[in-house]
Amino acid sequence: MNNVLEIGGRTARSLVEEFGSPLYVYDASTVRRQFNRLDSAFSGLRHRLLYACKANSNMAMIRLLHSLGAGIDAVSIHEIDLAMRCGVPASEILYTPNCVAFSEIERAVELGVLVNIDNISVLERFGQKYASVPCAIRINPHILAGGNAHIQTGHIDSKFGISIHQMRHILRIVQAYGMNITGLHMHTGSDILDAETFLTGAEILFDHAVDFPDLRFIDFGSGFKVPYKPDDVSTDVETLGRRLTERFLAFCYDYGRDLELWFEPGKFLVSESGFLLTTATVLKQTPSCVFIGTDSGLHHLIRPMLYNSYHTIVNADRLGGIERIYTVVGCICETDTFGTDRRLAETMEGDVLAIRNAGAYGFAMSSNYNSRPRPAEVMMLEGVAHLIRRRETLDDILATQIPLPVDAFTPMEPHHD
Ligand SMILES: *Cc1c(COP(=O)(O)O)cnc(C)c1O
């Protein structure tokens, strides 16, 4: 409308004027749309969606997804506490840790949270201590997901899951302690492109599921792809839903019981809902290009620099008009390029830029590098902007530091006898 960007009924500029810049904004209606898409794709069988809350751990986001019917996939004991503080009961949380202290697993069991075990030695310890407590096992089927090596977790060198080639060892432990394995799980990383890869992984789990008579569910993790570039393909969840439903029901028939199908999406649910709004602070012409310098950087959104991921950037104040080629960078003393050689509407200093797909792994991976405060977060709900996290100050950054007394730094007098 009027060639300016609107998010959930408000212009990006008015949000920056009200809440400051830079600013994270999430449109709740996009989260609902994504949840409902996935939910209806699997409406043909008993299924459960667990929101992987590491993607965006704002309490408003956790509560929004829980209100839609999602459980929570937690990867730290702190995420379990966080979800419970948001009103999610322990029975709706799955704990999928990697390389954590066993004390965290003990705490999760005490809370009544289902633990998903991803290491042989942990399986043994769990069996010794909690033989009758139901648990799940995370299998690494060694299928490769997508093209980005940074976010693949299913390959042979991966630290995640217990290798499918160790199945006999798993079964020996399970049988020796009489363990109650209620779930089999795989998560091969973000960006599984197609239904085919999912189904390949599914077949591997089905093949081995018959060895576990107490199963209640099979969890296919995540890996749903969302479009980051205008011409990107997203996972066709409707086709995946049809094909996997058919295959899963046939498997349940062979298994002799109806199991639940679980997924634990993060990115798919929240990525597209989010925008990082940032102000163009300087335009800088160099011999090779024109930089747009912004008041954000890798301390607020590190995905472009860490994973080389592409995030679409638009000038939120001028969606149409003459385009020029810019390289958009942050203000951190480090190479923090948001996008190289991007076509953007001709930009002036002071314009508001919007970086898309900032709802997942944006704020959640932010830092205080360069002693810079983190931005505020706003959620758009039915046309109303709700501040869901205030902007940090230097006092917030210093809150955990303990100043030494000033004289601690005075050199001691040389000692003379
Ligand atoms: C990160 C993670 C997810 C979510 O991955 P997305 O790519 O954000 O959907 C799911 N399950 C586990 C165990 C994870 O670690």
Side-chain angles (χ1 to χ4, degrees), residues 26 30-31 34-35 37-39 41 48-58 61-62 65 70-80 83 93-100 104-105 108 113-119 122 135-141 144-155 158-162 183-194 197-198 201 205 217-228 232 234-235 237 240 261-274 302-303 306-307 309 311 357-365:
Y26 312 112
T30 307
V31 178
Q34 291 295 93
F35 181 89
R37 257 186 83 192
L38 202 51
D39 197 39
R48 177 125 243 223
L49 301 179
L50 304 161
Y51 168 49
C53 71
K54 73 174 192 280
N56 185 323
S57 52
N58 191 292
M61 196 61 91
I62 293 173
L65 279 152
I72 291 295
D73 180 67
V75 292
S76 72
I77 196 70
H78 314 284
E79 282 188 353
I80 293 176
I93 302 173
L94 175 66
Y95 185 31
T96 302
N98 176 259
C99 294
V100 302
E104 278 201 15
I105 289 171
V113 169
L114 183 64
V115 179
N116 190 9
I117 294 172
D118 104 323
N119 186 21
V122 175
C135 67
I137 298 179
R138 177 174 186 171
I139 302 291
N140 183 346
L144 291 187
N148 192 333
H150 297 291
I151 39 188
Q152 289 175 354
T153 59
H155 51 85
S158 169
K159 69 164 187 163
F160 296 101
I162 305 178
L184 286 187
H185 169 279
M186 67 168 199
H187 169 67
T188 50
S190 293
D191 285 4
I192 297 183
L193 246 181
D194 52 340
T197 318
F198 251 114
L205 288 194
F217 68 90
I218 296 185
D219 182 339
F220 293 100
S222 181
F224 299 98
K225 200 174 159 66
V226 293
Y228 278 74
D232 262 356
S234 61
T235 301
V237 294
L240 177 68
L261 185 153
W262 289 14
F263 281 118
E264 38 190 54
K267 190 187 274 183
F268 184 83
L269 297 175
V270 297
S271 175
E272 291 164 282
S273 77
I302 200 174
R303 295 190 79 258
L306 186 63
Y307 302 134
S309 44
H311 286 253
N357 288 82
Y361 308 108
F363 192 99
M365 294 179 87

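The figures that follow rest on heavy atoms only: side chains count, while hydrogens, waters and symmetry mates do not. Ligands are counted one by one from 1 in listed order, and the atoms in each one are counted from 1 as well.
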Short N or O distance, [X] and ligand 1, threshold 3.5 Å exclusive:
{"X": "Phe268", "value": "no"}
{"X": "His185", "value": "no"}
{"X": "Thr96", "value": "no"}
{"X": "Arg138", "value": "no"}

Option whose closest heavy atom lies nearest to atom 6 (P) of ligand 1, chosen from Pro265, Gly161, Ser222 | Ser222
Shortest reach to atom 13 (C) of ligand 1 by a heavy atom, considering only Met186, Lys54, Lys225, Glu264 | Glu264
Tyr307-Tyr361 aromatic ring centre distance below 6.0 Å | no
Between [X] and [Y], is there a donor-acceptor pair closer than 3.5 Å when you use the side chain of the first and the backbone of the second?
{"X": "Ser309", "Y": "Arg303", "value": "yes"}
{"X": "Ser273", "Y": "Val270", "value": "yes"}
{"X": "Asp118", "Y": "Asn98", "value": "no"}
{"X": "Tyr95", "Y": "Glu79", "value": "no"}

Near Asp73 (heavy-atom distance under 4.0 Å), the atoms of ligand 1 are 11 (N), 12 (C), 13 (C)
Atoms in ligand 1 with a heavy atom of Ala52 nearer than 4.0 Å = 3 (C), 4 (C), 10 (C)
Matching residue for Thr96 among Leu50, Asp73, Leu114 - test: side chain to side chain contact (heavy atoms under 4.5 Å, CB included) = Asp73
Does some non-hydrogen atom of Ala360 fall short of 4.0 Å from ligand 1?
-> no
So which bit of Tyr361 gets within less than 4.0 Å of ligand 1, heavy atoms only: side chain, backbone, both or neither?
-> side chain
Would His185 and Trp262 count as a side chain to side chain contact (heavy atoms under 4.5 Å, CB included) if you check the C-alpha gap in whole Å, the side-chain angles of each, and the deciding distance to 0.1 Å?
-> CA-CA 9 Å; His185 169 279; Trp262 289 14; over 6 Å; no
